[in-house]
Amino acid sequence: MMTPAPRQEPPQTHYQATVVDAADGMPVSLADLAKRLADTDVVVIGEYHGHQGSHLLQSRLQAHLYRHRPEQVLTMEQFEVDLQPVLDRYLAGKLGEMELVEDADAWPNYQYAYRPLMEFARRQGLPVIAANAPGDIVRCVGREGPDYLADLNAAQKRYIPDAPFAGSAAYRENFFGTMGGRHGAAGNERLQNTYHAQLLRDNTMASRILATREHHPGHQVIHLTGTFHSEERLGTVEALLQRNPELSVAVISPVYKEEQFDSDELPVTANRNKGDYLYFLLPLPPEYRDEARGHEAMMDAFRKAPETTCD
């Protein structure tokens, strides 16, 4: 009689995420995480845009949190504040999904990444808030600098938060270190303008979260955003707490781990400052190994960007 082969665990996939408490590195189930966060005012779930594991975790945690606190609002970087009426019409059953995608200028990956979160909110009758700054204004700030806001008309200015360019030295250092390296970046005018555009996004999202709390008192806010806007409690989180230091805010940040299926080692210590909880994901494959092709693809994307007139 043959001895059966030992059972092997399936290899980890890009859909899977391992969540740990950043304070002690101990693993946490999503059910337990939701219990811990039940009384938190704002739960910020950072993401790697386009990573299946990020979006699956967001959707699953949304549902777990709802079980403990059904008074819930979803706020999203992925929609711009001036298009809120489109979201409202969709949630009210007045638009189909493709009408939402087209009229709200949804991100290209909406249907596989954000549809589950939107549909959960719609089925439960929960508000969904467009939290990002208007894209045309952000692009013009990135092109012409912060003084561009002075030229906005009254209709446009109603979307601009107080202190739209508030930030900190730590966030500035992170931004320039990531975007332009540490040598000469601060003297690059276009990069300076890009930084102000980033701050406008952060402060707009923070302002929208606070307005959501006022309009829906007692509700827990779940905010979806790219991880750079929230990790180390900078960016949007810092802007939020500057405006209301009494808020309780939990930051959940993604981290890539090495693609080794047989290793239990997670780089918790090196990433502990990124969030209150970390979730580890397999890295995505490189888009291009040919540097020239990658550069050409990036330039092509810029050429296809929406035309914006900043007059």
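Remember, predicted model here, so these are calculated numbers, not experimental data.
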inquiry  = Could you check whether E296 pairs with R293 (Lys NZ or Arg NE/NH1/NH2 to Asp/Glu carboxylate O, under 4.0 Å)?
reply    = no

message = Is a donor from one side chain sitting under 3.5 angstrom from an acceptor on the other, for E238 and S168?
response = yes

task = Assess whether side-chain contact (heavy atoms from CB on, under 4.5 Å) is satisfied between V20 and M26, documenting all intermediate values.
result = CA-CA 5 Å; V20 303; M26 296 300 294; over 6 Å; no

ask   = Are M76 and V101 in one and the same hydrophobic cluster, where Ile, Leu, Val, Met, Phe, Trp and Tyr link if side-chain heavy atoms are under 4.5 Å apart?
value = yes

message = Under a 3.5 Å distance rule, please check whether H229 uses its side chain to pair with a backbone N or O of R201 as donor and acceptor.
response = no

key: Short side-chain to backbone donor-acceptor contact, R190 and G142, under 3.5 Å   = yes

request  = Compare every heavy atom of L126 with every heavy atom of L91, then report the nearest pair and how far apart it is.
outcome  = CD1-O, 4.2 Å

query = For the atom pair OG1 (T75) and NE2 (H216), what is the distance rounded to the nearest 0.5 Å?
reply = 10.5 Å

key: N132 vs T204 side-chain heavy atoms within contact, under 4.5 Å   = no

query = Any sub-3.5 Å donor-acceptor pair from S29's side-chain atoms to D32's backbone N or O?
reply = yes

Single-linkage hydrophobic cluster L210~V249, side-chain heavy atoms < 4.5 angstrom = yes

Donor + acceptor pair across side chains of Q124, Y66 (<3.5 Å) = yes

message = So, taking the atom named CG in L281 and the one named OH in Y256, what distance separates them when rounded to the nearest 0.5 Å?
response = 7.0 Å

Short side-chain donor-acceptor distance under 3.5 Å, Y171 and D202 = yes

Beyond-backbone contact of L191 with M179, side-chain heavy atoms, under 4.5 angstrom = yes

inquiry  = Does any part of the side chain of L87, heavy atoms only, come nearer than 4.5 Å to the side chain of M118, both counted from C-beta?
reply    = yes

ask   = With no hydrogens and no angle check, is any side-chain donor or acceptor of S248 less than 3.5 Å from a backbone partner on D41?
value = yes

Expected output: side-chain R89 to main-chain L95 donor-acceptor under 3.5 Å = no

remark   = Residues R69 and G218: closest non-hydrogen pair is NH2-O, 3.1 Å

inquiry  = Minimum heavy-atom separation for L30 and L61, please, with both atom names.
reply    = O-CD1, 4.2 Å

request  = State the CD-CG distance between Q78 and D105, to the nearest 0.5 angstrom.
outcome  = 12.5 Å

query = Can you tell me if R36 uses its side chain to pair, donor with acceptor, with the backbone of A31 under 3.5 Å?
reply = no

query = Would you say the ring centroid of F79 lies under 6.0 angstrom from that of Y114?
reply = no

ask   = Between K94 and D88, does at least one N-O distance fall below 4.0 Å, as a salt bridge requires?
value = no

remark   = Note: Q62 and Q72 closest approach over all heavy atoms is O-NE2, 3.3 Å

task = State yes or no: do I252 and V255 share one hydrophobic cluster built from I, L, V, M, F, W and Y residues joined by side-chain heavy-atom distances below 4.5 Å, directly or via other members?
result = no

inquiry  = If we ignore hydrogens and angles and just use 3.5 Å, is the side chain of T40 paired with the main-chain N or O of V42 as donor and acceptor?
reply    = no

task = Answer with yes or no whether the hydrophobic clustering places L199 together with L149; edges join I, L, V, M, F, W, Y residues whose side-chain heavy atoms lie under 4.5 Å apart.
result = yes

ask   = Donor-acceptor pair, R208 side chain versus A130 backbone, under 3.5 Å?
value = yes

query = Is there side-chain contact between I45 and I222, with at least one heavy-atom pair below 4.5 Å?
reply = yes

message = With no hydrogens and no angle check, just 3.5 Å: does a side-chain donor-acceptor pair link Y279 and Q16?
response = no

task = Decide yes or no on side chain to side chain donor-acceptor pair (under 3.5 Å) for Q220 and E71, but give the supporting numbers first.
result = CA-CA 6 Å; Q220 182 175 61; E71 300 80 16; over 6 Å; no

ask   = Is it true that a side-chain atom of H51 and a backbone atom of L282 form a donor plus acceptor pair closer than 3.5 Å?
value = yes

request  = Verify whether one side chain among Q58 and E47 offers a donor that lies under 3.5 Å from an acceptor in the other.
outcome  = yes

key: OH-CG distance between Y110 and L100, expressed to the nearest 0.5 angstrom   = 5.0 Å

inquiry  = With heavy-atom distances below 4.5 Å as the criterion, would you say the side chains of I160 and L152 are in contact?
reply    = yes

query = So, does E231 use its side chain to make a donor-acceptor pair with the main chain of F228 at under 3.5 Å?
reply = no

request  = Any chance you could measure F176, atom CZ, to T194, atom OG1, to the nearest 0.5 Å?
outcome  = 8.5 Å

request  = Evaluate the ring planes of F165 and H196, with Trp represented by its six-membered ring, and classify them as parallel (under 30°), tilted (30 to 60°) or perpendicular (over 60°).
outcome  = perpendicular

ask   = Which heavy atom in R243 sits nearest to a heavy atom in P161, and how many Å separate them?
value = NH2-CB, 4.1 Å

query = Which atom names give the shortest non-hydrogen contact between H55 and G50, and what distance separates them?
reply = NE2-N, 3.2 Å

request  = Could you grab the distance from atom CG of L57 to atom NE2 of H64, nearest 0.5 Å is fine?
outcome  = 9.5 Å

